[in-house]
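Below is one structure, written out as structure tokens; the observations come after it.
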Amino acid sequence: MPGVSSFRSKLVRAALGALAGLLAAFTALAVAELVAGLVRPEAGPVTVVGGAVIDRTPAAVKDFAIRTFGENDKTVLQLGILAMLALLALALGVLALSHRRAGAAGALLFGVVGAAAALSRPDSTGLGDVLPSAAGALAGALALYVLAPKAVRVPDPAGAGGEDGERGWSRRGFLIAAGVTAVTATATGALGRFFTGRQGQGAVASREGLVLPEPASPAPALPAGVQLKVPGVTAFATPNSDFYRVDTALTVPKVDAGTWRLRIHGKGVARPLTYTLDQLLARPLIERDITLTCVSNEVGGPYIGSARWLGVPLVGLLKEAGVVPPSRGGEADQLVARSVDGMTLGSPVEDVMDGRDAMLAVGMNGEPLPFDHGFPARMLVPGLYGYVSACKWITDIELTTFDAYDPYWVKRKWARRAPIKTQSRIDTPKPFARPNAGTVVVAGVAWAQHRGIGRVEIRVDDGPWQDADLAAQAGVDTWRQWSYLWNATAGGHSITVRATDGTGQTQTEQRTRTIPDGASGRHSVFVTVT
């Protein structure tokens, strides 16, 4: 039947055109990756476009992404960008069958978007960052221009086909050309990954060769009983591999310790200073157990961990620069920390200089900082949420005022000041567990960094609050484990926990979102006792 045959021919032609579009997109990404590997890996189009998307995403959406996808939020974003690119490539491939100039122009437009995103990044190094997107777009446009109009030969009495009067080639010929394109793009992408890996070799070598000095002020020995012998309760010390990671970096910065510098400057700085890592390591270092918490941590959430940190006291560096806290007449009330990728975090100068163990950390659990956690140096200020205190990959400290400058997250409607709220969490039994009747151990952790935990209480259903047993406290800047022996009876029960900090303040039962200054409320789990 002529009609069916014609429809089938058009369908096959559209499918091959779509394939041409996908191959063009694959070629564009491969060439862009190669050029990025030669120029700067952080300038790759997926990375810069993803970063631009993150910067323009409302805080509530980011918070939803973290709650939903956890530490995989960046992977989901990258997959989303690639999926959108694939859909547009399919459409451009079909369009190019009859309007190949328009299809190629559409491919070039992606280069414009990538270039604009690259120049908009806070860590942009200039026009060189445009090269990966531009080269990729040109390669993709050329691949689409060549492949699309020749996807399949269309019978033409005049002996011509396509918009330019070119004769198409056979399906077999197209598939051979498509295969060659795919193999070439794959090899190009592999070469790009090779060069990208070589760019990070210096940073990897500098970390592997770094020997951390012994601290002048070692961490106090952990008291006996700081870790409960209760199955299911979170370990007091979090291994580096398990420590949570929440940041906006699509590509983890790999900084060579030999070329890294830290600059201190700004308002009220009498002597601007610049330090190398060796100069910092030569100073007296402190070692402390400190628990960190992300402001995106929901009630009962997982974005909290405790480690033994080694670092340089931040107050000493600031005093050397002539900085005076506001309470003593200092001009600056905000310390803005900048990372190598352009992230900015703002901390109250008064908190940094009030005697707490604020530091530039260089070590974590006995080894140099992992790249994921800020190598070669990051900032820590006990008692403040990470988004106002824990700048990773730090390279610049500017003293200013809260009135004069809004850091990254403040511009996105998060609070300027964010002391960690008193919180507690039930680790065992898990939600919807089915324990046997009798004695059930309820256990978990509580935290109120820089205030400490003085009391933890448990309530079953609507019964009275009962005191839990507290594990030994390692210090006011760490979390504290607790346990409660519950005489469980058959049926469904709700278990709720609340903590009281070292100042006597009990955590509120009022539920709030994480935005703008951290979640509040009491964690509870429902179990069915059999």
Side-chain angles (χ1 to χ4, degrees), residues 20-56 74 77-93 95-96 99-149 177-178 180-200 248-251 253-254 340-342:
L22 287 177
L23 287 171
F26 182 38
T27 300
L29 290 175
V31 171
E33 184 165 12
L34 173 60
V35 177
L38 294 170
V39 177
R40 200 171 75 93
E42 295 81 6
V46 174
T47 299
V48 296
V49 170
V53 170
I54 290 174
D55 288 348
R56 290 159 179 78
K74 301 169 193 65
L77 173 60
Q78 290 173 313
L79 291 175
I81 291 173
L82 292 175
M84 183 63 68
L85 177 61
L87 290 174
L88 292 172
L90 290 171
L92 286 176
L95 172 66
H99 303 284
R100 66 175 180 171
R101 290 194 184 94
L108 289 174
L109 183 60
F110 285 110
V112 174
V113 172
L119 292 175
S120 74
R121 303 300 301 135
D123 62 335
S124 174
T125 59
L127 291 177
D129 285 355
V130 170
L131 293 177
S133 295
L138 285 171
L142 179 61
L144 185 59
Y145 189 84
V146 171
L147 286 175
V180 171
T181 302
V183 170
T184 303
T186 300
T188 301
L191 188 61
R193 287 189 291 275
F194 170 76
F195 284 120
T196 297
R198 288 192 62 182
Q199 288 222 5
T248 63
L250 287 176
T251 300
K254 289 191 174 179
V340 296
D341 66 347

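Quick note: residue numbers are just sequence positions, from 1.
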Worksheet item: Any donor-acceptor pair under 3.5 Å linking the side chain of Thr27 with the backbone of Leu23?
Response: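 It does hold such a pair.
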Discussion item. I'd like to know if the side chain of Thr186 reaches the main chain of Ala182, judged simply by a donor and an acceptor atom lying under 3.5 Å from each other, with no hydrogens or angles considered.
Written reply: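 Yes; at least one donor-acceptor contact below 3.5 Å.
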Minimal non-hydrogen separation, [X] against [Y], with atom names:
X: Gly111; Y: Ala137; answer: CA-CB, 3.3 Å
X: Ala143; Y: Ala24; answer: CB-CA, 4.1 Å
X: Ala52; Y: Ala117; answer: CB-CB, 4.2 Å
X: Ala30; Y: Gly189; answer: CB-N, 3.7 Å
X: Val31; Y: Ala139; answer: CG2-CB, 3.6 Å
X: Ala96; Y: Gly103; answer: CB-CA, 4.2 Å

Rounded distance [0.5 Å steps], [atom1] in [X] versus [atom2] in [Y]:
X: Arg193; Y: Leu34; atom1: CZ; atom2: CG; value: 11.0 Å
X: Leu147; Y: Thr181; atom1: CG; atom2: OG1; value: 4.5 Å
X: Leu108; Y: Tyr145; atom1: CG; atom2: OH; value: 12.0 Å
X: Ile81; Y: Leu250; atom1: CD1; atom2: CG; value: 6.5 Å
X: Thr125; Y: Leu119; atom1: OG1; atom2: CG; value: 9.0 Å
X: Leu38; Y: Arg198; atom1: CG; atom2: CZ; value: 10.0 Å

So [Y] and [X], do their side chains get closer than 4.5 Å, heavy atoms only?
X: Asp129; Y: Val48; answer: no
X: Leu138; Y: Leu142; answer: no
X: Glu42; Y: Val340; answer: no
X: Leu29; Y: Leu85; answer: yes

Worksheet item: Taking 4.0 angstrom as the limit, do Arg121 and Asp55 come out as a salt bridge?
Response: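 Looking at Arg121 and Asp55, the cut-off is met.
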Worksheet item: Quick check: are there more than 12 heavy atoms from other residues, nucleotides or ligands sitting under 6.0 Å from CG of Leu127?
Response: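 No, CG of Leu127 has 12 or fewer neighbouring heavy atoms, counting only those of other groups under 6.0 Å.
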